[in-house]
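What follows is a single structure, written as structure tokens, with notes after it.
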There are 2 protein chains.
Amino acid sequence: MDQLVRYAGFGVLAPLIGYHLRRAHGAFVVDFGAALSGTGMRQILVGILAVIANQPGINQGAVGRILDIKRANMVSLINELVDAQLVCRLVDPQDRRAFSLNLTEKGAEMLQICLERISAHEQRMLEGFTDLELAQLRDLLGRIARPVPVED
Amino acid sequence: MDQLVRYAGFGVLAPLIGYHLRRAHGAFVVDFGAALSGTGMRQILVGILAVIANQPGINQGAVGRILDIKRANMVSLINELVDAQLVCRLVDPQDRRAFSLNLTEKGAEMLQICLERISAHEQRMLEGFTDLELAQLRDLLGRIARPVPVED
DNA sequence: TATTGTTATACTCTATAACTATA
DNA sequence: TATAGTTATAGAGTATAACAATA
């Protein structure tokens with residue numbers, strides 16, 4: 001399907017960034033799911049593993065704020081990861097309300113596997129893009145911010 | 001929040017286009033909802049109105065294929081638009097299985113109102129972007145395709 | 001036999017409000 | 001009183017399968 005055909009159906013939507021964002025995002029989500037099939041992981045879970053890998057000992061609320069996930073929704077996500085033995089959750093001795101999160105060895109391996117699959121998925125989705133175009137796209141998307149950051 | 005702070009939390013995710021796409025899309029969705037509040041419209045409904053405006057007489061299935069919406073999910077969406085008297089639905093005399101869809105006068109007005117609000121929303125979300133950057137972003141996003149198009 | 005629209009259903013993601021325990 | 005985590009719940013969005021009417 002070329003540009004012209006893809007644009008043909010929705011005239012007034014074509015100039016809207018939001019529309020292209022929605023389509024592109026949907027395309028990514030579908031292929032991302034396929035890329036991770038069999039691992040039991042999903043986009044949001046990989047995000048959580050990545051944040052914990054980057055900040056060992058971080059607590060649930062902080063992970064949620066970084067990834068725009070509400071506290072209430074973090075609970076079952078972290079439960080999933082703990083049940084799958086990918087994350088270990090310990091009461092933080094400094095603040096006994098909070099849990100300190102760390103990757104298990106299995107969790108670190110799973111993150112590695114997922115990142116490899118995701119890398120292949122990205123190459124598939126962005127086949128015709130030059131390195132410059134990829135850098136531009138990352139930069140342009142990175143400059144789009146939430147109007148109001150997640151509070152709770 | 002500057003680039004550095006926003007990148008701080010998720011090290012390995014930062015190079016991934018899919019991650020930036022997810023964040024940017026989420027930000028757009030939130031502000032889009034706010035932009036349309038009070039109209040009773042949602043992103044997907046505006047998309048449907050826009051496609052019908054662009055191809056008067058089009059049927060449900062064709063709208064769904066253009067917007068990647070499954071046939072089964074089109075039913076209640078079109079019902080909503082018909083109930084709100086924004087779309088009129090007539091049996092197509094050429095193919096009596098199908099419905100021919102057209103905007104009502106009220107539907108055309110609603111689309112116009114929504115497009116104006118969406119335009120303001122886009123300007124808000126993309127405040128620091130130059131025209132060149134917007135064109136680049138549209139082009140780059142437009143080149144991302146669904147790996148397998150929606151069949152059913 | 002294929003296609004248009006329909007119904008029923010289920011799963012994921014996201015959102016809010018009210019609760020508990022600690023600080 | 002504020003914060004970390006929890007529970008319950010509800011609304012979107014999206015997915016599949018099976019069905020009726022028409023081509």
What is the distance, to the nearest angstrom, from the [atom1] atom on [X] to the [atom2] atom on [N]?
| X | N | atom1 | atom2 | result |
| --- | --- | --- | --- | --- |
| B:Phe32 | D:dG13 | CZ | P | 11 Å |
| A:Met74 | C:dT14 | CE | P | 12 Å |
| B:Glu80 | D:dG11 | CD | C1' | 12 Å |
| A:Asn59 | D:dT3 | CG | P | 13 Å |
| B:Arg42 | C:dC13 | CZ | C1' | 15 Å |
| B:Lys70 | C:dT6 | NZ | P | 18 Å |
| A:Ile48 | C:dT12 | CD1 | P | 15 Å |
| B:Ile78 | C:dG5 | CD1 | C1' | 11 Å |

Item to complete: State whether B:Gln43 places a side-chain N or O below 4.0 Å from either non-bridging phosphate oxygen (OP1 or OP2) of D:dG13.
Response: no

Worksheet item: Within 45° of the ring axis of A:Phe129 and under 6.0 Å from its six-membered ring centre, is that where the NZ or CZ of B:Arg143 lies?
Response: yes

Worksheet item: Does A:Val75 share a hydrophobic cluster with A:Val51, counting links as ILVMFWY side-chain heavy atoms below 4.5 Å and allowing steps through other members?
Response: no

Worksheet item: For the side chain of B:Arg65, counting heavy atoms from C-beta on, which of C:dT6, C:dT4, D:dG5 is nearest?
Response: C:dT4

Worksheet item: Nearest to the side chain of B:Ile44, which nucleotide is it out of D:dT14, C:dG5, C:dC13?
Response: D:dT14

Could I get a table of every N or O pair under 3.5 Å where one atom is in the protein and the other is in nucleotides 7-10 of chain D?
none

Practice prompt. Find the distance between CG (B:Asp139) and CD1 (B:Ile144) and round it off to the nearest 0.5 Å.
Written response: 10.5 Å

Worksheet item: Sub-3.5 Å donor-acceptor pair from the side chain of B:Arg22 to the main-chain atoms of A:Val29, do we have one?
Response: no

Worksheet item: Checking A:Glu122 side chain against B:Ile17 main chain: does a donor-acceptor pair fall under 3.5 Å?
Response: yes

Worksheet item: For B:Gln136, what residues pass the side chain to side chain donor-acceptor pair (under 3.5 Å) criterion, not counting sequence neighbours?
Response: none

Discussion item. Looking at every non-hydrogen atom in both residues, tell me the closest pair between B:Leu36 and B:Arg117 and how far apart they are.
Written reply: C-NH1, 4.0 Å

Discussion item. Atom CG of residue position B:Asp83 - does it have more than 12 heavy atoms of other residues, nucleotides or ligands inside 6.0 Å?
Written reply: yes

Discussion item. Measuring only between side-chain heavy atoms, which start at C-beta, is A:Ile48 closer than 4.5 Å to A:Leu67?
Written reply: yes

Worksheet item: Does any residue of residues 89-97 of chain A have a heavy atom under 4.0 Å from DNA chain D, and if so, which ones, in number order?
Response: A:Arg89, A:Arg97

